[in-house]
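For reference, the structure is listed below as C-alpha cells.
No experiment lies behind these values; they were computed from the predicted model shown.
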Amino acid sequence: MAGSRLEKLGTVFTRVRDLMRAGVIKRAEKPIWYDVYKAFPPKKAPLYVKPHTRQSTKKHQTVPEIFYREDEVRAKFYEQYGTGPRPLDLSKPNFVSTCQRFVDKYTELKDSSDLDDSALFEETGKALLTEGIVLKRRGSSPVSAESRDPVLELKLTDMLAEQSVSADSDEAAEGTIHTIDPSSSKTI
C-alpha cells in the first residue's frame, strides 16, 4: 500500500474503517485509537493537499565555501610531499596522519616564530625530521643523477655479453678447452 495514490484520498481512520468492513482487519484486532477517534472526530477533516510551488519563484541559495587556514597548509603539503607510501589507517581511533602532524607542527611554529609562509613550511619539515618523521618530496629521486654510479645504468644483457667475452679470452689464453661428457658429470 505504500506509495499508492489511494492513501492520498482518505484519512487513516477511513482506510482502517474500510479494511474492517471488508474483513481484512478483525474487530478484535482494531487499533486502540479507533474507538476514541470514532467517538471524538476532529472538527475539520484532515486532508492531503499537494503543495503548489513554482520553480521560477524558488530562490536558489548558494552555500558559501568553508575555507580554513590549515587547508592551505594541507594543500601545499600534498602538493610537495604527496599522500605518502601507505594508506591512512582509519581502523585505529587514535591514528594521526603525517599531514595532520605537519599541520599541527606548522601552527605551533607559526605561533612561536615570525617567519614567512615558505620559510615556515621548510622549518616545519625540518622539525618533523628531528622528531623522526621522514618526508619525501614528490617527484624527486632520493639520489641525484650526478652522484649515481655508472655501473647501475648497465643493462643485464650488456653485463652477460662482457662476461662471455672475458671467459672466452681467458680460455684462449690458457689453451685448454673444457667440454662436458653427457654420460658423466665430469669435466674433461
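- With a 6.0 Å radius and a threshold of 12 heavy atoms from other residues, nucleotides or ligands, Phe67 has its CZ atom above the threshold.
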Check: Do Asp89 and Lys92 pass the salt bridge (Lys or Arg N to Asp or Glu O under 4.0 Å) test, and can you show the C-alpha distance, the side-chain angles, and the key distance before you say yes or no?
Finding: CA-CA 6 Å; Asp89 188 7; Lys92 297 178 183 175; 3.7 Å; yes
Note to self: Apply side-chain contact (heavy atoms from CB on, under 4.5 Å) to residues Glu122 and Leu115 and explain how you reach the verdict.
What the structure shows: CA-CA 10 Å; Glu122 294 298 323; Leu115 296 173; over 6 Å; no
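- Contact between Leu120 and Thr124 at its shortest, heavy atoms only, is O-OG1, 2.7 Å.
- Atom NZ of residue Lys126 and atom CG of residue Leu135 lie 13.0 Å apart, to the nearest 0.5 angstrom.
- Contact between Gly125 and Phe102 at its shortest, heavy atoms only, is N-CE1, 3.8 Å.
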Checklist line | Check against side-chain contact (heavy atoms from CB on, under 4.5 Å), Val134 and Leu129 | finding: CA-CA 5 Å; Val134 179; Leu129 185 61; 4.1 Å; yes
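- Val24 and Tyr34 fall within the same hydrophobic cluster, where Ile, Leu, Val, Met, Phe, Trp and Tyr residues are linked whenever their side-chain heavy atoms come under 4.5 Å apart, directly or through other members.
- Here the shortest heavy-atom pairing between Asp35 and Lys30 reads OD1-NZ, 3.0 Å.
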Contacts table for residues 73-85: side-chain donor-acceptor under 3.5 angstrom, sequence neighbours left out:
from: Arg74; atom 1: NH1; to: Glu70; atom 2: OE2; distance (Å): 3.2
from: Arg74; atom 1: NH2; to: Gln100; atom 2: OE1; distance (Å): 2.4
from: Gln80; atom 1: OE1; to: Arg137; atom 2: NH1; distance (Å): 2.5

Check: Run the side-chain hydrogen bond (donor to acceptor under 3.5 Å, both in side chains) check on Tyr106 and Asp111 step by step: do they pass?
Finding: CA-CA 9 Å; Tyr106 183 89; Asp111 293 340; over 6 Å; no
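- In this structure the side chain of Tyr37 reaches within 4.5 angstrom of the side chain of Pro42, judged on heavy atoms.
- With contacts defined as side-chain heavy-atom distances shorter than 4.5 Å, the pair Pro93/Phe95 does not qualify.
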Item checked: Trace of the side-chain contact (heavy atoms from CB on, under 4.5 Å) decision for Val16 with Trp33 -> CA-CA 11 Å; Val16 170; Trp33 53 265; 4.0 Å; yes
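- Shown here are the side-chain hydrogen bond (donor to acceptor under 3.5 Å, both in side chains) partners of Arg27, two or more places apart in sequence or in another chain: there are none.
- One finds the CD atom of Glu123 at 11.5 Å from the CG atom of Leu128 (value rounded to the nearest 0.5 Å).
- Using a 4.0 Å cut-off between charged nitrogen and carboxylate oxygen, Asp104 and Arg101 do not count as a salt-bridge pair.
- Note on Asp116 versus Lys110: no salt bridge recorded, every NZ/NE/NH1/NH2 to OD/OE distance being 4.0 Å or above.
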